[in-house]
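Written out below as structure tokens is the structure these notes cover.
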Amino acid sequence: MNVDYRSTRGGEEHVTASMAILKGLADDGGLFVPETMPKLEISMEALSKMTYQETAYEVMKLFLTDFTEEELKNCINRAYDEKFDTEEIAPLAKADGAYYLELFHGNTIAFKDMALSILPHLMTTAAKKNHSDKEIVILTATSGDTGKAAMAGFADVPGTRIIVFYPKNGVSRVQELQMLTQKGENTSVVGIDGNFDDAQSGVKAIFNDQAFAKEMDEKGFRFSSANSINIGRLVPQVVYYVYAYAKLLENGEITDGEPIQVCVPTGNFGNILAAYFAKQIGVPIAKLICASNENKVLYDFFRTGTYDRNREFILTSSPSMDILISSNLERLIYLSCGADAKKNAELMKELAQTGSYTVTEEMRQFMCDFIGGFATEEEVAAEIAHVYKNTGYVIDTHTAVASAVYRAAAQNGDVSGERKTVIASTASPYKFARSVVEAIKGKENKADDLDYIDELHEISGVKVPNAVEEIRHAQIRHNLQCAACDMPQTVKKILGF
């Protein structure tokens, strides 16, 4: 079955997968969604015997139908290679009554590697397929992990440049150092005076500036995105939920067709939307548990039907989730109103103008697969300590948000405590060593976050990842900063016009 894409706001239809990846965002500001949702063409029993790479092909070929088998397999094999430190790519760890899907074994030790290892290959292949002679400028906002993973993926890739904006005081020190020390002649990173939503809004405004786009075109550039607003980021994320179910089946943890639950620490809504897509193509998922930190805009949305970003922005120990405008939710909103692009566009306009919107009861019923929950800072620290004390397994702050939300939901009867549950483990504990060590041992007040690395090694018994060892003495290569309002001028300066 051929799958084309359309904008959630109605401005574009019948767009090929390769062109949707190349564009990133639709011309009308909408996000690309499949015009028809494909279904798995192979049984779970067959998938259970496959490698991650083989599973990736079976899933991604359903969505990227204008890529040839050779093109797609080449992208997959170049992405999921020895840069991952485990052969399984995304191993499952059973601990404390749940299955932690470890998505942090790539070279930047966060789940963004799972998609950003392949996106550069998909994008350069897409450029060739569409005879694009423009240099691709990847423009991305990050709440901590996307930036490093995207820069690592695109570093020195011919025909591309990448510019990353991040909130200067809104990421962990390890996250910041990973970005500031990134090599690659085509990489740039800029700290902004503001939060992630300011960075994301600034990037979207640049994408939607038609005069800027015309100027870029004349200079031989075209913008694209590495955020999960790009369908080329979202599709590879569907793979690991299919793979997780297949591995549970292979290990005898579930029977074929037995429904599972999935709990995802959620900020921009891309990772949990990928789980929803996995359900749509045939993975038996009963409930999708959307776990928020104290920036609980999504929890409030699923509880009330009103999305309202008009609230205090809170800096937490899980900074990749410190988000009040969850861009990927737009795809679910579009689907929930019966793929009514006009209705969706009205709601997104209302969000832009007033900071909130309310969905209908019918739309809420469509989204009944989702359950929201949130965890406070105290609950996150307590969860890290609880899991470690009970099992010896160490989880990071973001994973702890999901773990705490799942346990509370099971205890409250909101989800089944008996049903097998996969928790998306989105980052290595080493990325947030201070918070993890202090949760387990108490406050220590060391001067530098890196001072906690060796202590975490002693606690966990897990080898310090190369990604962390590299930044201990790495040279700072990027030092640009700007105000959020100066982002367009900064992009022009970096590109030399």
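In this structure, Lys134 forms no cation-pi arrangement with Phe221, as its terminal cationic atom is not both closer than 6.0 Å to the ring centre and no more than 45° off the ring axis. Lys129 forms a cation-pi arrangement with Phe67, by the criterion of a distance under 6.0 Å to the ring centre and an angle within 45° of the ring axis.
With Asp308 contributing its side chain and Tyr357 its backbone, the two residues share no donor-acceptor pair below 3.5 Å. One N or O on the side chain of Thr142 and one on the backbone of Gly147 form a donor-acceptor pair closer than 3.5 Å. Side chain of Ser188 to main chain of Ile163: no donor-acceptor pair is present (N/O by atom type, distance under 3.5 Å, no hydrogens or angles).
Minimum heavy-atom separation, Gly267 to Leu298: O-CD1, 3.9 Å.
The residues Lys83 and Asp113 are annotated as not salt-bridged, no charged nitrogen and carboxylate oxygen being separated by less than 4.0 angstrom.
Side chains of Arg233 and Asn230: a donor-acceptor N/O pair is absent below 3.5 angstrom, by distance only.
Residues Thr306 and Asp300 are not in side-chain contact: their nearest non-hydrogen atoms beyond the backbone lie 4.5 Å or more apart.
If you look at Phe84 and Tyr80, their ring centroids are closer than 6.0 Å. For Tyr240 and Phe111, the ring centers are positioned 6.0 Å apart or more.
In summary, of the residues considered (Met348, Lys349, Glu346, Lys342), a side-chain contact (heavy atoms from CB on, under 4.5 Å) with Arg9 occurs for Met348 alone.
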